[in-house]
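All remarks here apply to the structure that follows.
Just so it is clear, the values below take in all heavy atoms, side chains as well, and ignore hydrogens, waters and symmetry mates. Atoms within each ligand, like the ligands themselves, are counted from 1 in listed order.
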Amino acid sequence: SAGRVVVVGGGFGGATAAKYLKRRNPAIQVTLIEPAREFMTCPFTNLYLGGLRTLQQQSHNYDELRALGVTVVHDYADAVDAQKQTVKVAGGQTFAYDKLVLSPGIDFRWNALEGYDEAAAQKAPHAWKAGAQTELLKKQLDAMPDGGVFVMVAPANPYRCPPGPYERISMVAHYFKTQKPKSKILVLDPKDAFSKQGLFTDGWKRFYGDMIEWVPLSKDGKVVRVDANTLTVESEFGEKHKADVLNVIPPQKAGIIAERAGVTNESGWVPVNPDTFESARVPNIYVVGDATVAAPMPKSGFVANAQAKVAAAAIVNALAGRPAVKPSFINTCYSLIAPDYGISVAGVYAVQDGKIVETSGGLSPKDADADFRKLEAEYGVAWYNAIAQDTWG
Ligand code: FAD
């Protein structure tokens, strides 16, 4: 046969890999393992929190992949046997592979932040995986009285979606401004700088005045303890902050199946060969998306999609006995600060001497006028529609 490829995870990376494997060589047997029948994207869930979109608008199914000939199995991969080259799912079935693609996204390091475990997330949601957690946070914001305080505990690097927390702040601020104008937002950050910072802070001042207070590491912004019962957090130097709605975005690591497959290193993430995205540790396992160590590329849906295409091409070539080709990558992350006010950052990446380097890129201009910002907001929607189409069809 032309080969068997198993793909674990039907998010940005996994769905793209499955699709592009089939497109490049329909004779390859491709099996995609993903528990969810409807995948909900994290991108644009901040706009849902802002009241600008429904959650359903971010939901995608696997009909298109099935139509392409991908076998979609709605189950959870429990174990990988890298010697026998098999994947076992929770339902008991075992799938043999010649090549395996893992795109499991992130898992959380529960209790790495004292007091923040799975039970605490039911009271102080992270909403960093889309679905029930996102709805919980929205419900809490809707129930909060005008004049309440929304506290976000921002994550340390590296984490999924560098501008994501700050877009969320913007969208919650938009919701407050239009619905609960006496409310306040406090961001407690274990970093002194963040993605698109100048553009965000300019936009915050312009639209939300003094509603948002951002406390960096150097001003005691690092939270070390969470009490989800009282919605109180404690900083490194012992200051306590009480929230009405508490959003904790905890420390992260590669999705647990990567650890079980033996491809993670001591950092909890997956080192890869950047030319192919094959694991640096275990042959015939390719890992893409948030789970990988691929800095300076950010952990974004755009990047997961780009890496998946590179891995798919490398697998098709390897199965046909052809060498891999040299990849290059691009990323753009749009963020929305207010309904007609978008900003962006773009990067172009290449592999040099076995390392990923940024060869070009930059931010959208600081002094852009209102028409430009409105266009960027529209480009953001166009980007979302295009990548959703490219990934799930
Ligand atoms: P995911 O898309 O999370 O997919 C992983 C899939 O694997 C999941 O469906 C999961 O169910 C499945 N899975 C995990 N373990 C197993 C297993 N053992 N067996 C079977 N299936 C498994 N990115 C952008 O490019 N632009 C944006 O505007 C943007 N906005 C964001 C906003 C927010 C609030 C957040 C949190 C993220 C945002 N991102 C954005 C980042 C983006 O969501 C991630 O980078 C992207 O989802 C990574 O793709 P992935 O394939 O690695 O993981």
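- Ranking the protein heavy atoms by distance from atom 40 (C) of ligand 1 puts Pro43 CG, 3.4 Å first.
- Looking only at protein heavy atoms, the nearest one to atom 23 (N) of ligand 1 is Gly301 N, 2.9 Å.
- A cation-pi arrangement is not found for Arg168 relative to Phe150, the charged atom failing to lie both closer than 6.0 Å to the ring centre and inside a 45° cone about the ring normal.
- The protein atom (non-hydrogen) at minimum distance from atom 1 (P) of ligand 1 is Arg160 NH2, 3.5 Å.
- In summary, Lys366 and Asp202 engage in a salt bridge, as defined by a charged side-chain N under 4.0 Å from a carboxylate O.
- With ligand atoms numbered from 1 in the order given, ligand 1 contributes 25 (O) to contacts under 4.0 Å with heavy atoms of Phe302.
- Polar contact with ligand 1: absent for Arg168 (N/O pair, distance under 3.5 Å).
- Residue Val8 has no nitrogen or oxygen atom sitting less than 3.5 Å from a nitrogen or oxygen atom of ligand 1, judged on distance alone.
- In the model, Ser218 has a side-chain atom that pairs as donor or acceptor with a side-chain atom of Asp192 under 3.5 Å.
- Contact annotation: for Phe39 versus ligand 1, heavy atoms closer than 4.0 Å belong to the side chain alone.
- The residues Asp227 and Lys240 are annotated as not salt-bridged, no charged nitrogen and carboxylate oxygen being separated by less than 4.0 angstrom.
- The existence of a salt bridge linking Lys139 and Glu135 is excluded, since no basic side-chain nitrogen approaches an acidic carboxylate oxygen closer than 4.0 Å.
- With ligand atoms numbered from 1 in the order given, ligand 1 contributes 20 (C), 21 (N) to contacts under 4.0 Å with heavy atoms of Pro35.
- Close contacts between ligand 1 and Gly289 involve ligand atoms 52 (O) [criterion: under 4.0 Å to a heavy atom].
- Residue, atom and distance of the protein heavy atom nearest to atom 5 (C) of ligand 1 are Ser103 O, 3.2 Å.
- Salt-bridge check for Asp142 with Lys138: passed, with a basic side-chain N closer than 4.0 Å to an acidic carboxylate O.
- Ranking protein heavy atoms by distance to atom 7 (O) of ligand 1, first place goes to Gly9 CA, 3.2 Å.
- With ligand atoms numbered from 1 in the order given, ligand 1 contributes 20 (C), 21 (N) to contacts under 4.0 Å with heavy atoms of Ile33.
- Checked for salt-bridge contact, Arg4 and Asp98 meet the test: a charged N lies under 4.0 Å from a carboxylate O.
- Looking at Trp383 against ligand 1, only its side chain comes within 4.0 Å, counting heavy atoms.
- Lys191 and Asp189 are joined by a salt bridge, as a carboxylate oxygen and a charged side-chain nitrogen come within less than 4.0 angstrom of each other.
- A salt bridge between Lys326 and Asp275 is present, with a side-chain N of the basic residue lying under 4.0 Å from a carboxylate O of the acidic one.
- Between Arg109 and Asp117 there is no salt bridge, since none of the side-chain N atoms of the basic residue sits less than 4.0 Å from a carboxylate O of the acidic one.
- Counting the atoms of ligand 1 from 1 in the order shown, those under 4.0 Å from a heavy atom of Gly13 are 51 (O).
- Seen from the ring of Tyr341, Arg373 counts as a face-on cation partner, given the 6.0 Å and 45° thresholds.
- Scanning all protein heavy atoms for the shortest distance to atom 17 (C) of ligand 1 gives Tyr76 CE1, 3.5 Å.
- Under 4.0 angstrom from ligand 1, the non-hydrogen atoms of Ala304 all belong to its side chain.
- Atoms of ligand 1 found under 4.0 Å from any heavy atom of Lys299 (numbered from 1 in listed order, with element): 45 (O).
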Just distance, no hydrogens or angles: give the donor-acceptor pairs under 3.5 Å from side chains in residues 281-295, sequence neighbours left out.
from   : atom 1 : to     : atom 2 : distance (Å)
Arg281 : NH1    : Thr264 : O      : 3.0
Asn284 : OD1    : Lys99  : NZ     : 2.8
Asn284 : ND2    : Gln85  : OE1    : 3.0
Tyr286 : OH     : Lys99  : NZ     : 3.4
Asp290 : OD2    : Arg160 : NE     : 2.5
Asp290 : OD2    : Arg160 : NH2    : 3.0
Thr292 : OG1    : Gly289 : O      : 2.8

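- From the protein, the heavy atom lying nearest to atom 15 (N) of ligand 1 is Pro104 CB, 3.8 Å.
- By the criterion of a heavy-atom distance under 4.0 Å, the side chain of Asn46, and not its backbone, is placed next to ligand 1.
- The shortest heavy-atom contact between Tyr175 and Leu141 is OH-O, 3.4 Å.
- One finds a salt bridge joining Glu259 and Lys253 here, because a Lys/Arg side-chain nitrogen approaches an Asp/Glu carboxylate oxygen to under 4.0 Å.
- At a heavy-atom cutoff of 4.0 Å, ligand 1 is contacted by both the backbone and the side chain of Asp290.
- Here is the list of ligand 1 atoms found below 4.0 Å of a heavy atom in Gly105: 5 (C), 52 (O), 53 (O).
- Cation-pi geometry between Lys219 and Trp214 is not satisfied (NZ or CZ under 6.0 Å from the ring centre, within 45° of the ring normal).
- Considering backbone and side-chain N/O of Cys42, none are found under 3.5 Å from N/O of ligand 1.
- Of the N or O atoms in Ala77, one or more lie within a sub-3.5 Å distance of an N or O in ligand 1.
- Looking only at heavy atoms of the protein, atom 8 (C) of ligand 1 is closest to Glu34 OE1, 3.4 Å.
- Heavy atoms of Ala36 come nearer than 4.0 angstrom to ligand 1 in no pair at all.
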